[in-house]
Amino acid sequence: MTDLTFAPDEAEIERRVEALLFAAAGPLSAADIARRLPDGADAGRAISALRARYEGRGVELACVADRWAFRTAADLSFLMTEEREEPRRLSKAAFETLAIIAYHQPITRAEIESVRGVSISRGTLDLLLEMGFVRLRGRRRTPGRPVTYATADRFMEHFGLSSLYDLPGVAEMKAAGLLDLSLPTGFEVPDPSRSGSEDEDPVEEGDAPEFAQDFVGD
């Protein structure tokens, strides 16, 4: 029987981190990994060593939304491709709304409508929230205290982004068909260091998306 009471060396720590990442149901942060290691173990060094070891192999260690997971090498993705009908697909309106939120976050519903030039249906934002692509971020310190929206970790994971700095430019978004509407002057890729948190408060329990009331005659 192996004696597990000894202090593991770097090779053993790397081996344990590899096992954790392989068995995890989803990406793990460095803090998640560190909590499962002995005191004093350097999780960051083990992650860096694993990333170097798997570089160029069929499976690589990738950072997704500040979390780590094994992913199929990008150039081998064609091996996993099959023709199938996706159970849920985003509409053009949902893609446009998601792109606007990604590039303008934090942003209110009224501001989204201003960029798109049309009203947003309740179903569009509900779907993005339900799928985990978008989250309620806060409430603006302005009259009416409107809710602001931002992208969620699921958005980062789905599109393979390590951070908002990895968002494609406007030209790439248009080429991919995700942003074919007319853009306002001054449209920019968001800078995460300018989060806008100084003019909003965190959302509270029970907060929900806000929509203009529809009045329909009997």
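Numbers here are sequence positions counted from 1. Worth knowing before you read on, the calculation uses all heavy atoms, side chains too, and leaves out hydrogens, waters and symmetry mates.
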> If you measure from the Lys or Arg side-chain nitrogens to the Asp or Glu carboxylate oxygens, is any gap between Glu18 and Arg15 under 4.0 Å?
Replying inline: no
> Who pairs with Arg57 by side-chain hydrogen bond (donor to acceptor under 3.5 Å, both in side chains), at least two apart in sequence or on another chain?
Replying inline: none
>> Could you report the tightest heavy-atom contact between Ala152 and Gly132, atom names first, then the distance?
In response: CB-O, 3.2 Å
>> Is it the case that the side chains of Glu111 and Tyr149 hold a donor-acceptor pair, with the cut-off being a distance below 3.5 Å and no angle test?
In response: no
> Taking all non-hydrogen atoms of both residues, which atom of Ala94 and which atom of Leu128 are closest, and how far apart?
Replying inline: O-CD1, 4.0 Å
> Charged N to carboxylate O below 4.0 Å: is that the case for Arg51 and Glu55?
Replying inline: no
>> Please report whether the ring centroid of Phe70 lies less than 6.0 Å from that of Phe22.
In response: no
> Are side-chain heavy atoms of Pro27 and Glu157 found at a separation under 4.5 Å?
Replying inline: yes
> Using the ring of each side chain (for Trp, its six-membered ring), is Phe155 parallel, tilted or perpendicular to Phe133, with breaks at 30° and 60°?
Replying inline: perpendicular
>> Minimum heavy-atom separation for Ala43 and Ile33, please, with both atom names.
In response: CB-CG2, 4.2 Å
>> Just verifying a value: how many Å separate Ile112 CD1 and Leu98 CG, rounded to the nearest 0.5 Å?
In response: 10.0 Å
> Any side-chain heavy-atom pair from Phe159 and Thr151 closer than 4.5 angstrom?
Replying inline: no
>> With salt bridge (charged side-chain N to carboxylate O under 4.0 Å, His left out) as the criterion, how do Arg67 and Asp153 come out once you've worked through the C-alpha distance, each side chain's angles and the decisive distance to 0.1 Å?
In response: CA-CA 10 Å; Arg67 292 176 172 84; Asp153 285 349; 2.7 Å; yes
> If Ile, Leu, Val, Met, Phe, Trp and Tyr residues are connected whenever their side-chain heavy atoms lie under 4.5 Å apart, and connections chain through other members, are Met156 and Ile47 in the same group?
Replying inline: no
> Is Leu21 linked to Val59 within one hydrophobic cluster, defined over Ile, Leu, Val, Met, Phe, Trp and Tyr using a side-chain heavy-atom separation of less than 4.5 Å?
Replying inline: yes
> Counting distance only, does the side-chain N/O of Ser48 pair as donor-acceptor with the main-chain N or O of Gly44 below 3.5 Å?
Replying inline: yes
> What heavy-atom pair brings Arg140 and Ile107 nearest, and what distance separates the two atoms?
Replying inline: NH2-CA, 4.2 Å
>> Within the 4.5 Å heavy-atom criterion, are Ile100 and Arg116 side-chain neighbours or not?
In response: yes
> Is a donor on one side and an acceptor on the other found under 3.5 Å between the side chain of Thr108 and the backbone of Thr148?
Replying inline: no
>> Quick check: do Arg16 and Leu37 have side-chain heavy atoms less than 4.5 Å from each other?
In response: yes
>> If you compare all heavy atoms of Val134 against all heavy atoms of Leu129, which two are closest, and at what distance to 0.1 Å?
In response: O-CD2, 3.4 Å
>> Please find the pair of heavy atoms, one from Ala41 and one from Ile13, that lie closest to each other, and give the distance.
In response: CB-CD1, 3.6 Å
> Heavy atoms, side chains only, cut-off 4.5 Å: are Glu60 and Arg71 in contact?
Replying inline: no
>> Could you check whether any side-chain heavy atom of Met131 comes within less than 4.5 Å of a side-chain heavy atom of Leu127, counting everything from C-beta outward?
In response: yes
> Heavy-atom distance under 4.5 Å between the side chains of Leu125 and Ile101, does that happen here?
Replying inline: yes
> Side-chain contact, heavy-atom cut-off 4.5 Å: Arg137 with Gln105?
Replying inline: no
> Residues in side-chain hydrogen bond (donor to acceptor under 3.5 Å, both in side chains) with Ser29, at least two apart?
Replying inline: Asp32
>> Applying a strict under-4.5 Å side-chain criterion to I, L, V, M, F, W and Y, I'd like to know whether Val64 and Leu20 cluster together.
In response: no
> Does Thr97 reach the main-chain N or O of Ala93 with its side chain, forming a donor-acceptor pair under 3.5 Å?
Replying inline: yes
> Do the charged groups of Arg53 and Glu14 touch, with an N to O distance under 4.0 Å?
Replying inline: yes
